[in-house]
Amino acid sequence: MAATDSEGDKSRAGAQDFIRMEVAKDLRSGRFDQVVTRFPPEPNGYLHLGHAKAICLDFEIAAEFGGQCNLRFDDTNPLREEQEFVEAQKEDIRWLGFDWGEREYYASDYFEQLYEWAEQLIRQGLAYVDDQSAEEIRVNRGTLTDPGRESPFRDRTPEENLDLFRRMRAGEFADGTRVLRARIDMAAPNINMRDPVLYRIRHATHQRTGDRWCIYPMYDWAHGQSDSLERVTHSLCDLAYEIHRPLYEWFIQKLSIFPSRQIEFARGNITYLVTSKRRLRLLVERGHVQGWDDPRMPTLCGLRRRGYTPEAIRRFWHEVGVAKRETNIDIAKLESCVRDHLNRTAPRVMSVLKPLKVVITNYDEAATEELEAVNNPEDPAAGTRQVPFSRTLYIEQDDFMEDPPKKFFRLAPGREVRLRYAYYITCQDLVKDDTGNVVELHCTYDPQTRGGDAPDGRKVKATLHWVSGRHALRAEVRLYDRLFRVPEPLADADEDAWMDRLNPESLQVLTDCLVEPGLDAALPGERYQFERLGYFCVDPESWTAAAAGRLVFNRTVTLRDTWARLQARQSS
RNA sequence: AGCCCGGUCGUUCAAUUGGCAGGACAACGGAUUUUGGUUCCGUUUAUCAAGGUUCGAAUCCUUGCCGGGCUGCCA
């Protein structure tokens with residue numbers, strides 16, 4: 001039912017996180033005889049990497065214990081939620097590799113049952129209608145150090161409460177004039193227990209129940225009871241809800257309903273990223289990114305467009321694990337996971353991002369030949385392909401230096417290198433423009449080295465990727481980098497400072513790239529390794545007018561680059 | 001301030017629940033390599049502090065220190 005990535009991951013063999021241990025213990029002790037989990041998104045935004053952690057946990061734990069995971073939309077606030085988000089979220093969860101079967105539920109499906117339970121609480125003297133204003137309720141709730149004050153309406157009789165509550169439902173009262181509150185303890189040190197609000201009046205049309213209701217349940221009242229109704233055994237959630245657990249359990253006890261167990265875990269923050277719906281929305285609204293699916297966004301749709309694979313994301317969270325302490329995971333871990341998966345699966349092609357013209361002076365002007373290239377050295381089954389070679393080629397500008405420093409192994413005047421799958425070439429001459437930039441190289445090739453090996457056994461220190469000028473396809477390549485300049489954009493500053501820490505170079509668009517001709521059939525979403533450069537994914541805008549009819553590639557992640565690291569070390 | 005939660009290599013998760021502190025990522029060195037990729041080998045680095053219990057403590061107890069969360073009719 002659900003995808004798992006445990007195979008091949010020997011690192012965590014035998015290791016158990018605290019949640020799995022608790023689940024196993026509950027099964028052993030007989031507290032539960034099966035495992036049911038749920039993923040409960042509110043349909044008011046796009047799912048991101050942080051949600052992916054919860055999704056993986058909920059679905060994988062259920063699968064591991066032979067149970068099931070429900071998808072339940074927490075649609076209790078008609079003012080913020082929209083049906084379009086439901087569809088987007090379902091698509092993202094499916095893409096991640098999980099299947100909830102027929103178990104697609106909505107908190108709004110339980111509104112009637114919730115209402116009946118509320119009446120039950122009222123009859124038990126455990127809930128009351130409060131006529132105080134929102135402001136009065138806030139003031140009377142007390143503070144972190146001072147107990148709250150009881151509402152003057154707290155001791156209404158069950159009969160009076162029932163009457164008022166029914167009239168609330170019937171629409172007799174205006175928004176904000178009354179609420180239903182649980183009657184617990186206004187002096188409780190846990191503020192959540194100071195008579196929490198259960199229902200508020202909202203004359204608003206709900207995306208699923210229409211105008212049937214004008215009172216809507218609050219999170220605490222709807223969520224736990226929905227868990228219970230679905231006989232969810234383990235309700236996994238963010239640490240933020242830890243302080244709500246006493247209330248979660250209070251409802252279960254007072255209502256004598258199925259005792260779901262809430263277990264909290266720490267969210268996983270990732271360096272150079274922000275994952276909060278509110279902040280992501282700001283990035284979109286203020287135009288710092290081009291939309292929710294901008295490849296720089298940590299949303300699942302953004303990552304998908306960037307070229308991340310579901311396997312890599314699942315593997316990432318699996319390797320990171322889960323605990324109760326707040327974490328800040330190095331984004332290098334995420335990048336390592338995509339590289340690992342793409343290394344095994346992505347076909348290799350040659351692409352020149354910043355072309356430098358190379359003329360092979362001793363190669364026949366009219367000739368073209370086909371050379372055999374390996375599609376994926378990690379996967380022999382991927383086979384080979386033919387790549388055209390001719391007198392005029394292009395190589396990467398970065399692969400030539402007129403005056404190379406010590407450890408630079410690539411092409412330079414007088415030096416011989418190999419063109420991948422082709423020939424050894426030697427740089428004989430160079431042409432500069434008026435401003436002194438090298439714009440063209442004149443090289444000779446050694447016909448004996450066809451395919452890339454010299455019969456005399458001589459070695460070269462570098463192998464360069466290249467394309468044939470006559471055959472190559474023009475393409476646009478979008479180079480993405482980290483969205484923020486600093487590892488912790490939210491660290492110790494005022495509330496809005498994070499936006500000043502955006503990386504101005506997180507997107508670099510290259511429109512004069514050249515790719516080998518075999519890519520003329522590439523489809524949006526396909527992922528390739530551009531040899532020696534990185535992993536790239538075909539963007540949906542490919543071939544469209546917006547892209548001048550060209551292919552568009554998004555860079556998912558660079559290859560590990562020890563040369564770049566060397567350079568960085570030397571310059572610092 | 002009151003309440004709750006948490007502190008293990010640079011990062012993250014472990015340690016058969018009281019028995020040799022280990023893995024992954026990162027970093028560094030080396031080998032292999034027609035990708036300065038991959039792969040392989042190796043190296044460096046950690047139990048917040050002080051007491052206590054114990055033959056033995058990352059684990060249990062006490063105190064302290066540090067970090068995070070909580071005062072929506074949001075979820």
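Below, read A as the first sequence line, B as the second, and so on, with proteins coming before strands; counting in each chain starts at 1.
Across all strands shown, A:Tyr421 has heavy atoms under 4.0 Å from base atoms, whether or not it also approaches the sugar-phosphate. Contacts of A:Lys461 with the nucleic acid, taken as non-hydrogen atoms under 4.0 Å apart, are absent. A:Ala323 comes within 4.0 angstrom of the backbone, heavy atoms only, and of no base. Contact annotation for A:His465: no contact, since no heavy-atom pair falls under 4.0 Å across all strands. Residue contacts shown for A:Tyr241 include a base, since a base heavy atom lies under 4.0 Å away. Residue-level contact check: A:Val179 touches the bases, meaning some heavy atom is under 4.0 Å from a base atom. A:Phe530 comes within contact range of no nucleotide atom at all, as no heavy-atom separation falls under 4.0 Å. Across all strands, A:Gln132 comes closer than 4.0 Å to base atoms (heavy-atom distances). Here A:Ile137 lies in heavy-atom contact (under 4.0 Å) with a base. A:Arg420 comes within contact range of at least one nucleobase, with a heavy-atom separation under 4.0 Å. As judged by a 4.0 angstrom heavy-atom cut-off over every strand, A:Asn328 is placed among residues touching the sugar-phosphate backbone only.
Here, B:U33 and B:C28 have their P atoms 23 Å apart, quoted to the whole Å. B:G2 sits 14 Å from B:U63 when the P atoms are compared, rounded to a whole Å. Straight-line distance between the C1' atoms of B:G69 and B:A1: roughly 15 Å, to the nearest whole Å. Separating the P atom of B:U16 from that of B:A58 is a span of 12 Å, rounded to the nearest Å. B:A57 sits 11 Å from B:G52 when the C1' atoms are compared, rounded to a whole Å. For the C1' atoms, the distance from B:G10 to B:G64 is 27 Å, rounded to whole Å. Annotation: B:C40 and B:U47 have their C1' atoms spaced 32 Å apart (nearest Å). As rounded to the nearest Å, B:A21 and B:U44 have P atoms that lie 16 Å from one another.
Proximity of residues 71-82 of chain A to RNA chain B (heavy atom under 4.0 angstrom from any strand atom) is restricted to A:Asp74, A:Thr76, A:Asn77, A:Arg80.
Take A:Arg208 and apply the side chain to side chain contact (heavy atoms under 4.5 Å, CB included) test, not counting sequence neighbours, and it matches A:Asp75, A:Gln83, A:Tyr106, A:Ser108, A:Asp109, A:His206. Residues passing the side chain to side chain contact (heavy atoms under 4.5 Å, CB included) test with A:Arg458 are A:Glu416, A:Tyr424, A:Asp446, A:Thr449, A:Ala454, A:Asp456, sequence neighbours excluded. Looking at residues two or more places apart in sequence or on another chain, you find a side-chain hydrogen bond (donor to acceptor under 3.5 Å, both in side chains) between A:Glu22 and A:Lys25, A:Arg261. Qualifying salt bridge (Lys or Arg N to Asp or Glu O under 4.0 Å) partners for A:Arg72, counting only residues two or more places apart in sequence or in other chains: A:Asp227, A:Glu230. Take A:Leu79 and apply the side chain to side chain contact (heavy atoms under 4.5 Å, CB included) test, not counting sequence neighbours, and it matches A:Asn77, A:Arg202, A:Ala204. Considering only residues two or more places apart in sequence or on other chains, A:Lys354 meets the salt bridge (Lys or Arg N to Asp or Glu O under 4.0 Å) condition with none of them. Residues satisfying the side chain to side chain contact (heavy atoms under 4.5 Å, CB included) test with A:Asp330, not counting sequence neighbours, are A:Thr271, A:Ala332.
In this entry the distance linking NE2 of A:His318 with C1' of B:C25 reads 16 Å, nearest Å. In this structure, A:Asp330 atom CG and B:C25 atom P are separated by 12 Å, rounded to whole Å. Atom-to-atom, CG of A:Asp17 to P of B:C13 comes out at 11 Å; the value is rounded to the nearest Å. One interatomic measurement links the two molecules: CZ of A:Arg281 to P of B:A75, which rounds to 15 Å at whole-angstrom precision. Taking atom CG of residue A:Asp195 and atom P of nucleotide B:G72, one finds them 15 Å apart after rounding to whole Å.
Residues A:His223 and A:Tyr219 place their aromatic rings such that the two centres sit under 6.0 Å apart. For A:Trp563 and A:Phe409, the ring centers are positioned 6.0 Å apart or more.
Note on ring orientation: taking the six-membered ring where Trp is involved, the planes of A:Phe484 and A:Trp498 are tilted (angle from 30° to 60°). Taking the six-membered ring for Trp and thresholds of 30 and 60 degrees, A:Phe251 and A:Trp221 have ring planes more than 60 degrees apart, a perpendicular arrangement. Using cut-offs of 30° and 60° for the angle between ring planes, the A:Tyr110 and A:Tyr105 rings count as tilted.
In B:U17 the O4'-C1'-N dihedral to the base is within 90° of 0, which defines a syn nucleotide. Applying the 90° cutoff around 0 to the glycosidic angle, B:G37 is assigned anti.
With A:Phe536 as reference, A:Val477 is the one residue of A:Val477, A:Thr556, A:Leu342 to meet the side-chain contact (heavy atoms from CB on, under 4.5 Å) rule.
Sorted by first then second residue, the salt bridge (Lys or Arg N to Asp or Glu O under 4.0 Å) pairs that include residues 331-343 of chain A, not counting sequence neighbours, are A:Glu319-A:Lys333, A:Glu335-A:Arg482, A:Asp340-A:Arg344.
Not one side-chain nitrogen or oxygen of A:Arg267 sits closer than 4.0 Å to the OP1 or OP2 atom of B:G68. Checking the phosphate oxygens (OP1, OP2) of B:C74, a side-chain nitrogen or oxygen of A:Arg202 falls inside 4.0 Å.
Remark: A:Arg183 does not engage A:Asp195 in a salt bridge, criterion side-chain N to carboxylate O under 4.0 Å.
In this pair, A:Tyr219 does not lay its aromatic ring on the base of B:A75; centres under 5.5 Å and planes under 30 degrees do not both hold.
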Pairwise N/O distances under 3.5 Å, protein to nucleotides 37-40 of chain B:
unit_1, atom_1, unit_2, atom_2, d
B:G37, OP1, A:Thr562, OG1, 3.3
B:G37, N2, A:Glu378, OE2, 2.9
B:U38, OP1, A:Arg560, NH1, 3.4
B:U38, OP2, A:Arg560, NH1, 2.9
B:U38, O2', A:Asn343, ND2, 3.3
B:U38, O2', A:Glu378, OE1, 3.2
B:U38, O2', A:Glu378, OE2, 3.1

Between N or O atoms, less than 3.5 Å apart, protein on one side and nucleotides 1-7 of chain B on the other: list the pairs.
unit_1, atom_1, unit_2, atom_2, d
B:G2, N3, A:Leu144, O, 3.1

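Under the 4.5 Å side-chain criterion, counting only non-hydrogen atoms from C-beta, A:Leu247 is in contact with A:Pro196.
Side chain of A:Glu42, nearest nucleotide from B:U12, B:C28, B:A75: B:A75.
Nucleotides of RNA chain B nearest to A:Arg138 and A:Thr449 differ in position, and the one nearer the 5' end is that of A:Thr449.
Atom OH of A:Tyr535 is separated from atom OG1 of A:Thr558 by 10.0 Å, given to the nearest 0.5 angstrom.
The base of B:G36 lies close enough to the side chain of A:Arg410 for a donor and an acceptor atom to sit less than 3.5 Å apart.
Counting only Watson-Crick or G-U wobble pairs whose defining distances are both under 3.5 Å, the stems of 3 or more consecutive pairs in RNA chain B are B:2-7 with B:65-70, B:10-13 with B:22-25, B:27-31 with B:39-43, B:48-52 with B:60-64.
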